[in-house]
Structures are given as structure tokens and as C-alpha cells.
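For reference, the structure is listed below as C-alpha cells.
The chains referred to below are lettered A, B, ... by the order of the sequence lines, with proteins before strands, and numbering in each begins at 1. Atom set for the values below is all heavy atoms of this structure, side chains included, hydrogens, waters and symmetry mates excluded.
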Amino acid sequence: MPDNLFELVYRVVRRIPPGRVATYGQVARILGMPRGARTVGWALRALPDGSDVPWQRVVNARGAISFRPGGYAASVQQALLEEEGVVFEAGRIDLKVYGWAGLDPIEERTLRRT
DNA sequence: ATAATGACTGGGG
DNA sequence: ACCCCAGCCATTA
């Protein structure tokens with residue numbers, strides 16, 4: 001298990017497949033921190049440019065992007081997701097359709113190793 | 001050690 | 001369904 005929280009968050013986010021999205025809270029729960037949604041946000045914010053972590057696949061519980069609406073960052077995230085086939089309607093993603101199912105038990109075990 | 005700051009959430013109105 | 005808000009919690013100042 002990595003010693004720091006950020007690396008743990010990145011490991012989970014790297015498993016979200018293209019074209020699917022997970023919520024901050026969902027990632028937090030997978031890590032055993034049911035109230036740590038905001039902390040997941042902190043970890044992603046700390047990512048350097050050019051990282052291999054698909055940060056764009058993490059959105060808030062309402063299926064919306066959590067950057068200032070209309071801002072540059074928000075438009076970049078939406079564009080990246082749309083390139084993967086994710087559809088936005090009224091500024092939101094239908095999590096029933098694009099939501100990530102999460103790690104299966106086998107993958108979960110792999111995650112905790114190392 | 002105290003206080004402020006968010007890429008957040010769930011529930012009440 | 002939408003808006004508001006108290007609670008949350010690692011990191012910073």
C-alpha cells in the first residue's frame with residue numbers, strides 16, 4: 001500500500017475506462033473514506049500537466065463538471081470527455097448511462113497490492 | 001495550535 | 001427537480 005493518499009486516489013482513477021465517469025464520492029468510498037469526496041478533489045488538483053491519470057473522468061454526484069461553469073478548465077474537461085463519447089445534456093452527464101460500475105473484487109485486490 | 005480553503009455531498013424545504 | 005446549507009476532511013497559511 002502506498003504511504004500517501006494522493007497515489008491511492010490516482011490508482012483508482014487510472015482504472016476508470018474511457019467513456020465512463022466516476023464521482024468524487026465514489027472514488028472516496030472505494031478507498032474506504034466514505035466522507036472523503038473533497039479530499040479526492042484535492043488529490044486531482046495536485047496533478048501535474050501531462051500526467052497519465054485520466055482526471056477528466058471524475059465528476060460530481062450530479063453528473064456535472066465541478067469547475068466554474070463556462071470557465072476554461074470546465075470546457076477542457078467537457079471536450080476531453082466528449083472525445084471519449086460521453087454525452088452532455090443540459091450541462092450534465094447521465095450517470096445511469098456513463099457511470100462507472102467500479103472495480104470488481106479481483107481488481108480491488110490488485111489495487112491494494114504494492 | 002487555530003482558521004481558512006476547496007475539482008464534494010446528502011437531505012430538507 | 002432545484003437551491004441552500006451544515007458537515008466533511010486533507011492541506012495551507
Side-chain angles (χ1 to χ4, degrees):
Chain A
M1 289 281 279
D3 43 336
N4 68 78
L5 197 46
F6 284 11
E7 182 51 37
L8 238 23
V9 170
Y10 302 154
R11 273 193 201 193
V12 173
V13 175
R14 276 194 274 251
R15 307 304 281 279
I16 306 171
R20 312 303 298 289
V21 297
T23 69
Y24 296 92
Q26 180 181 4
V27 173
R29 285 193 299 278
I30 288 173
L31 293 174
M33 310 185 299
R35 309 284 161 342
R38 308 191 75 146
T39 303
V40 170
W42 269 102
L44 296 183
R45 187 193 51 171
L47 281 172
D49 286 1
S51 142
D52 65 326
V53 179
W55 57 271
Q56 73 273 22
R57 297 176 194 148
V58 184
V59 299
N60 66 34
R62 294 159 15 198
I65 283 172
S66 283
F67 284 113
R68 176 168 57 82
Y72 176 72
S75 66
V76 169
Q77 182 171 9
Q78 177 164 344
L80 286 171
L81 287 173
E82 289 178 329
E83 283 172 36
E84 302 182 351
V86 175
V87 174
F88 283 75
E89 267 183 275
R92 311 226 248 116
I93 297 165
D94 186 344
L95 296 180
K96 295 286 214 240
V97 177
Y98 302 98
W100 178 42
L103 296 165
D104 66 39
I106 309 263
E107 290 177 310
E108 185 129 23
R109 190 147 52 88
T110 302
L111 180 81
R112 300 191 193 284
R113 272 200 249 121
T114 322

Of the nucleotides [options], which has the atom closest to the [X] side chain?
| X | options | answer |
| --- | --- | --- |
| A/Phe6 | B/dC8, B/dT9, C/dT11 | C/dT11 |
| A/Ala37 | C/dT11, B/dA7, B/dT9 | B/dT9 |
| A/Ala61 | B/dG10, B/dC8, C/dA10 | B/dG10 |

Atom pair distance, as rounded to whole Å: [atom1] in [X] and [atom2] in [N]:
| X | N | atom1 | atom2 | answer |
| --- | --- | --- | --- | --- |
| A/Trp55 | B/dA7 | CH2 | P | 13 Å |
| A/Arg29 | B/dT9 | CZ | P | 8 Å |
| A/Asn4 | C/dA10 | CG | C1' | 12 Å |
| A/Met33 | C/dG7 | CE | C1' | 16 Å |
| A/Asn60 | C/dC8 | CG | P | 20 Å |
| A/Leu47 | C/dT11 | CG | P | 14 Å |
| A/Leu31 | C/dA10 | CG | P | 12 Å |
| A/Arg62 | B/dG10 | CZ | P | 11 Å |

>> Regarding A/Glu108 and A/Arg15, does a basic nitrogen lie under 4.0 Å from an acidic carboxylate oxygen?
In response: no
Can you name the closest pair of heavy atoms from [X] and [Y] and give their distance?
| X | Y | value |
| --- | --- | --- |
| A/Ala74 | A/Arg68 | CB-O, 3.5 Å |
| A/Ile65 | A/Gln78 | CD1-N, 3.5 Å |
| A/Tyr24 | A/Asn60 | CE1-N, 3.5 Å |

Is there any protein nitrogen or oxygen under 3.5 Å from a nitrogen or oxygen in nucleotides 2-6 of chain B, and what are the pairs?
{"residue": "B/dG6", "atom": "N9", "partner": "A/Arg38", "partner atom": "NH2", "Å": "3.4"}
{"residue": "B/dG6", "atom": "N7", "partner": "A/Arg38", "partner atom": "NH2", "Å": "3.2"}
{"residue": "B/dG6", "atom": "N2", "partner": "A/Trp42", "partner atom": "NE1", "Å": "2.8"}
{"residue": "B/dG6", "atom": "N3", "partner": "A/Trp42", "partner atom": "NE1", "Å": "3.1"}

For [Y], does its backbone N or O pair with a side-chain atom of [X] as donor and acceptor, under 3.5 Å?
| X | Y | answer |
| --- | --- | --- |
| A/Ser75 | A/Tyr72 | yes |
| A/Arg20 | A/Gly99 | yes |
| A/Tyr10 | A/Ala43 | yes |

> Is A/Arg68 touching bases, backbone alone, or none of the nucleic acid, heavy atoms closer than 4.0 Å?
Replying inline: nothing
